[in-house]
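Shown next, in structure tokens, is the structure this report addresses.
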Amino acid sequence: MNQLDSNREQWNSRIGFILAAMGSAVGLGNIWRFSYVTGENGGAAFLVIYLLCILAIGIPVVLAEFTIGKKAQSDVVGSFEKLAPGKPWIVAGIMGVASAFIILSFYGVVAGWTVKYFFSYLTGGFTVQDSSEYVGIFVGFISSPFQPLLWQFIFMSMTIGIVYLGVKKGIEASNKILMPSLAILVIILAGYSLSLGGASEAFSFLFTPDWSALKEPKVYLAALGQAFFSLSLGMGALITYGGYLSKKEKLPGAAVSVAGLDTLFALVAGLMIFPAVFAFGISPDEGAGLAFITLPSIFEQMAFGTLFGLLFFLLLAAAALSSAVSLLEVAVAYFIRKFTWSRKKASIIVGSIIFLMGVPSSLGQGIWSNIRFFDNDILDSMDFIASNILLPLGGLIIALFMGWGWKKSDALEASDFGDSALGHAWIFTLRFIAPIAIFIIFLASTGIIKFE
Ligand code: PFF
């Protein structure tokens, strides 16, 4: 081991690693993205496909990423270079760094909106006569040319600040407090939201599948993309975090905990958002503003609503921050090794470039809203390319790499499964089930094959 390797940063503890991985997974994806994507794709039937994607593809690939990271002890590109020198698997690493740039560029914009909502509650909340006004408030804010950029800038500065400080102190410590608090708050709000009168409609929307929704090919790709996005999967965030693990961790348990908690979070968030959607007569396919419109409507009805609003957006912004940190860390870890930059230099330069890349996504909500690709605005297009194409493709390559590129016994040992039945099932899934499922979903989305 050379000097550099022995100086690599490491997590303080196993639980620290699990919390950081959860911090990466739980974020805007569970609340903002999950609710509007579920709403746009028909609810329960989408949810079934989403859960299948988590089980059959998500969890096995999470474990593959952890295993690769722990074994290689490097950034996402370096991991493939180290484990398979000169082989083409490295494209997954390069795509991973590219995805980090693309995702964080628009993630910073939406996270900026949450910071702005937090400040609005801090200064007394919104004054409205009727909850229908929240649509206008939201649209007015995101379409202004300057305001959202300011909040995006503030959020990105915080993200850069944490990555600049390093792994242990910033990320590991903060998640220990943050995750449980956010979970408690989401449960309270779900309970309240369910009492508002939209509960039965919300339940049937979320849990009574209308299978005809599955005739739409876009539903499968949306579910697959949401599973990858929410689990922080397919771009090496979990490889990078696994790279800070010491050699003796039990990975399968960690993978199941992270994926299980992430999914639970999304489901409870659904129970928070959808009852309010129906209670206030909002359409579930309202789009990217869904959470920003329903949540203030809930707070409006509650005793101490301003306080709840304040707390909620504080925690959501903080959850977004721990996810954003993991996105930036993927790129920064790569630049530190590749160009021998200091952590400080890499965080500032890479973070600033990503901020600038996000500017069009922000302006696309207002003055540049006429720029569209297949009827999507700039933010949605960035999201589509990264989440629905790059991440699943990255996941496909990672599954094939672990399943076929490694000796089976090495993979079983490195994953901590050992020679067990579950371990063999895991390899089988990586070799066949996950790649074939991803491939079929890609084909279906192009319309080449149809499910009817
Ligand atoms: N999983 C995060 C969320 O649900 O908000 C988003 C994300 C973080 C995606 C890190 C990808 C990633 F590498």
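Numbering of ligands and ligand atoms starts at 1, following listing order. Index from 1, following the sequence.
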- prompt: Just which atoms of ligand 1 are under 4.0 Å from any heavy atom in Leu28?
  reply: 5 (O)
Side chain to side chain, Gln365 and Leu379, heavy atoms closer than 4.5 Å: yes
message: To check your reading of the model: name the closest protein heavy atom to atom 12 (C) of ligand 1, its residue, and the distance in Å.
response: Leu327 CD2, 3.4 Å
- prompt: Can the ring centroids of Tyr107 and Phe155 be said to lie less than 6.0 angstrom from one another?
  reply: no
message: Give me the residue, atom name and distance of the protein heavy atom closest to atom 8 (C) of ligand 1.
response: Ser232 OG, 3.3 Å
- request: Measure from NZ or CZ of Arg343 to the centre of the six-membered ring of Tyr164, then state whether that distance is under 6.0 Å and the direction lies within 45° of the axis.
  value: no
statement: Check: of Tyr107, Phe229, Trp32, Phe228, min heavy-atom distance to atom 1 (N) of ligand 1 comes from Phe229
message: Quick check against the 3.5 Å criterion: does Ser362 have a side-chain atom that pairs as donor or acceptor with the backbone of Val359?
response: no
- request: Run the numbers for me: atoms of ligand 1, each under 4.0 Å from some heavy atom of Ala237, listed by number.
  value: 13 (F)
- line: For Gly27 and Ser323, the nearest pair of non-hydrogen atoms, with its separation, is CA-OG, 3.6 Å
message: As an exercise, identify every atom of ligand 1 less than 4.0 angstrom from a heavy atom of Gly29.
response: 3 (C), 4 (O), 5 (O)
message: When you measure from the centre of the six-membered ring of Phe141, is the NZ or CZ of Lys116 closer than 6.0 Å and no more than 45° off the axis?
response: yes
query: Atoms of ligand 1 less than 4.0 Å from Met235 heavy atoms?
result: 11 (C), 12 (C), 13 (F)
task: Below 4.0 angstrom from a heavy atom of Ser24, which ligand 1 atoms are there? Numbered from 1 as shown, please.
output: 1 (N), 2 (C), 8 (C), 10 (C)
message: Closer than 4.0 Å to some heavy atom of Ala25 - which atoms of ligand 1 meet that?
response: 1 (N), 2 (C), 3 (C), 4 (O)
query: For ligand 1, which atoms, with element, lie under 4.0 Å from some heavy atom of Ser230?
result: 1 (N), 4 (O)
- request: Kindly state whether the ring of Phe153 and the ring of Phe355 have centres lying under 6.0 angstrom apart.
  value: yes
